[in-house]
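Step one of this worksheet: look at the structure below.
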Amino acid sequence: MIPKARVAKVPNVVRSLGVILAGGLAKRMGGGDKSLLTLGASRVLDQVIARLGAQVDQMILNANGDAARFDEFGLTVVADSLEGYLGPLAGVLAGLDYAADHGFDPIVYVAADTPFFPTDLVSAFDTASKHMGVPIALAATKIEGGKVGRHPTFGLWPVALREDLRSALQDGLRKVVLWTDQHGAESHVFDSGEIDPFFNINTPEDLELANKIMENLS
């Protein structure tokens, strides 16, 4: 079983809140919670918690519906701030609202279906955003042709932008990068290596591949 330790501070990141985004409908997986699927000897969410928990001061889980299904993980579960399953931006807003109420800034959010993200995610984001007036950082990797592909469900955002985000969502915005580009977001390009660190589980075939990756890592 992957340890569930959640409190470990990263240098230069003050009162950072980790937000695990698990509020999607998982349509390509047939519904349900992708984060609760078996991965190796545990579940997808166990792996995500272990990776993020070593990098932030505290974590919460963004999920909708009955929060009791996540009780065993020991995380505060926060539903979307706006109704209607508006996508990951609604989950980010929920995290920003929680952070504002509990004295955290910034938040670092990750997708609950992406179990192999970098173990230096938070420190890399912090470095990328330090010179910005309004610090926002997104994850990216190099793709074919040397181009950079962004991973908008992994980012660092300040609490100061939560009302701006709320207004944008209420006006119909749904795509993360359309909003972050308006604020000059920085991208940190992570090394893809042999395993794509932002490989996410969307289908049964993806889950099978993820389990093979776990076998190779063990």
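Small disclaimer: the values here were computed from a predicted structure and weren't measured. We use all heavy atoms of the structure for the numbers below, so side chains are in, but hydrogens, waters and symmetry mates are not.
Using a 4.5 Å cut-off on side-chain heavy atoms (C-beta onward), Asp105 and Pro158 make contact. Annotation: side chain of Pro152 is not in contact with side chain of Thr180 (no heavy-atom distance under 4.5 Å). Annotation: side chain of Tyr98 is in contact with side chain of Gln58 (closest heavy-atom distance under 4.5 Å). The shortest side-chain heavy-atom distance between Leu86 and Arg174 falls under the 4.5 Å cut-off. For the pair Leu45 and Leu61, the minimum side-chain heavy-atom distance is below 4.5 Å. Looking at heavy atoms from C-beta onward, Asp33 lies in side-chain contact with Phe70 at the 4.5 angstrom threshold. Between Asp113 and Asn202, some side-chain heavy-atom pair lies under the 4.5 Å cut-off.
Applying the side chain to side chain contact (heavy atoms under 4.5 Å, CB included) test between Val92 and each of Leu161, Leu21, Val19 identifies Leu21 as the sole match. Between Ile20 and the choices Asn62, Ile49, Ile60, Thr114, the side chain to side chain contact (heavy atoms under 4.5 Å, CB included) rule is met once, by Ile49. The ring-ring contact (aromatic ring centres under 6.0 Å, His included) test with Phe117 is passed by exactly one of Phe125, Phe154, Phe190, Phe198: Phe154.
Hydrophobic clustering (side-chain heavy atoms under 4.5 Å, transitive across Ile, Leu, Val, Met, Phe, Trp, Tyr) keeps Val148 apart from Val177. Residues Leu96 and Leu178 share a single hydrophobic cluster, defined by chaining ILVMFWY side chains whose heavy atoms lie under 4.5 Å apart. Hydrophobic clustering (side-chain heavy atoms under 4.5 Å, transitive across Ile, Leu, Val, Met, Phe, Trp, Tyr) keeps Val110 apart from Val189. In the hydrophobic cluster analysis, where Ile, Leu, Val, Met, Phe, Trp and Tyr join through side-chain heavy atoms closer than 4.5 angstrom, Ile195 is grouped together with Leu207.
Separation of atoms CD (Glu186) and CG (Leu156) is listed at 12.0 Å; rounding is to 0.5 Å. Of the inter-residue distances, the one linking Ser42 atom OG with Leu37 atom CG reads 11.5 Å to the nearest 0.5 angstrom. Lys34 NZ to Ile201 CD1: the interatomic distance, rounded to the nearest 0.5 Å, is 8.0 Å. Once rounded to the nearest 0.5 Å, the distance linking CG of Asp126 with CG of Leu121 reads 11.0 Å. Residue Ile213 holds its CD1 atom at 5.0 Å from CZ of Phe199, rounded to the nearest 0.5 Å. Annotation: the span from Leu217 atom CG to Met214 atom CE amounts to 6.5 Å, rounded to 0.5 Å.
Between Thr141 and Ser192, the shortest heavy-atom distance links the atoms CB-OG, 4.3 Å. Of all non-hydrogen atoms in Ala137 and Ser129, the two that sit nearest each other are CB-CB, 4.3 Å. Across all non-hydrogen atoms, the minimal contact from Ser81 to Ala94 is OG-CA, 3.0 Å. A pairwise comparison of heavy atoms in Asp120 and Ser123 identifies O-OG, 3.1 Å as the closest pair. In terms of heavy atoms, Ala99 sits closest to Val159 at CB-CG2, 3.7 Å. Residue Arg69 comes nearest to Ala63 through the heavy atom pair NH2-CB, 4.2 Å, listed as atom of the first residue, atom of the second, then distance.
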Could you give me the CA-CA distance, side-chain angles and deciding distance for Phe104 and Val56, then say whether side chain to side chain contact (heavy atoms under 4.5 Å, CB included) is met?
CA-CA 11 Å; Phe104 292 95; Val56 295; over 6 Å; no
Please evaluate residues Asp206 and Thr203 with respect to the criterion side-chain hydrogen bond (donor to acceptor under 3.5 Å, both in side chains), reporting the C-alpha separation (whole Å), side-chain torsions for both, the decisive distance (0.1 Å), and the verdict.
CA-CA 5 Å; Asp206 291 338; Thr203 67; 3.3 Å; yes
Pair His151-Leu138, side chain to side chain contact (heavy atoms under 4.5 Å, CB included): steps then yes or no:
CA-CA 7 Å; His151 304 281; Leu138 295 178; over 6 Å; no
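The aromatic rings of Tyr109 and Trp157 sit perpendicular, their planes meeting at an angle over 60°, well past the 30° parallel limit. Aromatic ring pairs are classed by plane angle as parallel below 30°, tilted from 30° to 60° and perpendicular above 60°; the pair His183 and Trp179 is tilted.
Between Arg150 and Asp181 there is a salt bridge, since a side-chain N of the basic residue sits under 4.0 Å from a carboxylate O of the acidic one. Contact check on Glu163 versus Arg166 returns a salt bridge, with a Lys/Arg side-chain nitrogen under 4.0 Å from an Asp/Glu carboxylate oxygen.
Inspection of the His188 and Thr127 side chains reveals no N or O donor paired with an N or O acceptor under 3.5 Å.
No side-chain donor-acceptor contact under 3.5 Å links Gln47 to the backbone of Leu39. Remark: side-chain polar atoms of Gln55 are paired, donor with acceptor, to backbone N or O of Pro118 under 3.5 angstrom.
More than 12 heavy atoms of other residues, nucleotides or ligands sit less than 6.0 Å from atom CD of Gln170.
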